[in-house]
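These notes concern the structure reproduced below.
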Amino acid sequence: MADLWFHEHHVLHSVKFGLNVEEILHTEQTPFQQLAVYRNDTFGVFMTLDGFIQVTERDEFIYHDMICHPALAVNPAIKKVLIIGGGDGGTAREVARYPHIQQIDMVEIDGAVVEACKKYLPSTASVLSNEPRLNLIIGDGLQFVKEAPDGAYDLILVDSTDPAGPGEGLFTVSFYENCYRALAEDGILINQHECAFHALDAEQMQKAHSKIKKVFPIAKVYGFNIPTYATGYWYFGFASKKYDPVAHVKASEWEKFGLTTKYYNTDIHTGAFALPNYVKEVLAKA
Ligand code: SAM
């Protein structure tokens with residue numbers, strides 16, 4: 001074992017999470033962020049941006065199951081999908097598993113992330129090279145949504161970094177208003193919604209929720225266990241014009257897709273929206 005460690009600061013000067021670095025595969029200062037790819041014996045290849053873990057080979061299935069499948073279980077008829085961010089390709093890979101989906105537009109601001117993941121994370125990124133329905137645009141998701149036609153999409157998945165750096169604009173009311181306009185009458189928005197334990201993350205969760213609630217009539221939050229994210233538990237937002245994610249879930253229709261998933265199932269779908277009291281308190285202040 002090398003004595004080299006990658007540390008992610010969860011609370012500056014107080015809490016950090018470490019992964020032993022067996023190999024440094026790639027480091028690059030892109031025009032948007034500091035990109036690095038390492039290998040760890042337990043979590044495999046992992047990619048970081050500005051010092052924050054984005055994806056690891058070992059636990060990415062959890063995040064990518066939970067960003068994608070809950071929306072398809074609520075509206076199995078989704079055909080047109082927009083992914084914002086998601087440069088590692090994992091979200092696009094899960095969306096592409098639905099043969100009835102006709103269009104997958106993906107807007108990733110940093111081409112270097114796509115290239116590094118195609119080279120070092122083929123398990124998530126190979127879909128970016130071989131999926132005919134995928135239209136990969138290297139650009140700013142904020143601008144793209146602003147220019148998107150009304151009602152262009154059934155589902156928007158915001159697989160972004162945290163609300164700092166290039167991802168900051170993806171946590172604003174105007175961005176959510178543009179997503180609302182670009183979504184069809186039964187459209188669904190899923191967004192990376194931070195976590196509720198450490199103060200800074202809870203503040204970001206609260207801010208995002210208060211903005212989404214201003215725009216969407218239905219705005220819920222659901223959680224999932226992911227070992228390499230701060231506190232091992234992270235959340236997505238589920239916003240919709242029409243569907244309640246629990247009351248309207250079409251479990252048997254989703255099961256007919258016959259997808260094999262390692263984390264998501266329709267029981268955990270319902271459970272994920274049941275929140276601990278401290279999380280409810282954070283969201284109630286929104
Ligand atoms: N799973 C990760 C997480 O939860 O933090 C996110 C995965 S993905 C690597 C996040 C991507 O969002 C990055 O590749 C980043 O370049 C991209 N991104 C950040 N801001 C963006 C923007 N304004 N438009 C498009 N992509 C953006």
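Each ligand, and each atom within it, is numbered from 1 in the order the structure gives. All of these numbers come straight from a predicted model, not from anything done at the bench. Values below: all heavy atoms of this structure, side chains included; hydrogens, waters and symmetry mates excluded.
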*Between H198 and H10, what is the ring plane arrangement, given parallel below 30°, perpendicular above 60°, and tilted in between?*
tilted
*asked:* Parallel, tilted or perpendicular, judged at 30° and 60°: which one describes the rings of H269 and F273?
replied: tilted
*Main-chain N/O of T124 paired to D88 side chain as donor or acceptor, under 3.5 Å*: no
*Write out the residue and atom name of the closest protein heavy atom to atom 24 (N) of ligand 1, then the distance separating them to 0.1 Å.*
G141 N, 2.9 Å
*Under a 4.0 Å heavy-atom limit, does V113 contact ligand 1 with its side chain, its backbone, both, or neither?*
side chain
*Nearest protein heavy atom to atom 19 (C) of ligand 1, by residue and atom, and its distance?*
T161 OG1, 3.3 Å
_Proximal ligand 1 atoms for Q192, defined as those under 4.0 Å from one of its heavy atoms_ = 4 (O)
*Linking Ile, Leu, Val, Met, Phe, Trp and Tyr through side-chain heavy atoms less than 4.5 Å apart, which residues share a cluster with I109?*
F32
*Close approach of F32 to ligand 1, heavy atoms, under 4.0 angstrom*: no
*Applying the 4.5 Å side-chain criterion to the ILVMFWY set and letting contacts propagate, would L170 and V113 be lumped into a single cluster?*
no
*Which atoms of ligand 1 sit under 4.0 Å from any heavy atom of D88?*
7 (C), 8 (S), 9 (C)
*Is the closest basic N to carboxylate O distance between D154 and K80 below 4.0 Å?*
no
*Check whether any heavy atom of L49 sits under 4.0 Å from an atom of ligand 1.*
yes
_Closest candidate by heavy atom, reference atom 22 (C) of ligand 1, pool D140, V145, I53, V158_ = D140
*Has the side chain of Y38 got a donor or acceptor atom that lies under 3.5 Å from a matching backbone atom of H26?*
no
*Nearest-contact summary for atom 14 (O) of ligand 1 - protein heavy atom, Å*: E108 OE1, 2.7 Å
*Look at D41 together with R39 and state whether they make a salt bridge at an N to O cut-off of under 4.0 Å.*
yes
_Which of the numbered atoms in ligand 1 are under 4.0 angstrom from any heavy atom belonging to M47?_
9 (C)
*Element-labelled atoms of ligand 1 that are located less than 4.0 Å from some non-hydrogen atom of V107*: 25 (C), 26 (N)
_Heteroatom distance test (P166, ligand 1): nitrogen or oxygen, under 3.5 angstrom_ = yes
*Would you call G169 a ligand 1 contact, heavy-atom distance under 4.0 Å?*
no
*Under 4.0 Å, heavy atoms only, figure out whether ligand 1 is touched by the backbone of L170, its side chain, both or neither.*
side chain
*Of the listed options H64, Q143, Q33, Q54, closest to atom 6 (C) of ligand 1 (non-hydrogen atoms)*: Q54
*Parallel, tilted or perpendicular, as decided by the 30° and 60° cut-offs, for the rings of Y278 and F197*: perpendicular
*asked:* Using 30° and 60° as the class boundaries, would you call the ring planes of Y222 and F238 parallel, tilted or perpendicular?
replied: perpendicular
*asked:* So if I count the atoms of ligand 1 from 1 in the order they appear, which ones are less than 4.0 Å from some heavy atom of D110?
replied: 16 (O)
*Are any of the side-chain nitrogens in K207 or E203 under 4.0 Å away from the carboxylate oxygens of its partner?*
yes
_Considering non-hydrogen atoms of the protein only, which is the closest contact for atom 18 (N) of ligand 1, and what is the distance?_
I109 CG2, 3.9 Å
*Tell me which protein heavy atom sits closest to atom 10 (C) of ligand 1, plus the residue, atom name and distance to 0.1 Å.*
D159 O, 3.2 Å
*Is there a nitrogen or oxygen of Y229 sitting under 3.5 Å from a nitrogen or oxygen of ligand 1?*
yes
*Answer yes or no: does an N/O atom from Y63 fall short of 3.5 Å to an N/O atom of ligand 1?*
yes
*Members besides V15 in its Ile/Leu/Val/Met/Phe/Trp/Tyr cluster (side-chain heavy atoms under 4.5 Å)*: V11
*Using a strict cut-off of less than 4.0 Å between a Lys/Arg side-chain nitrogen and an Asp/Glu carboxylate oxygen, indicate whether E94 and R97 qualify as a salt bridge.*
yes
*Going by the atom numbers of ligand 1, which of them fall below 4.0 Å from some non-hydrogen atom of G139?*
24 (N), 25 (C)
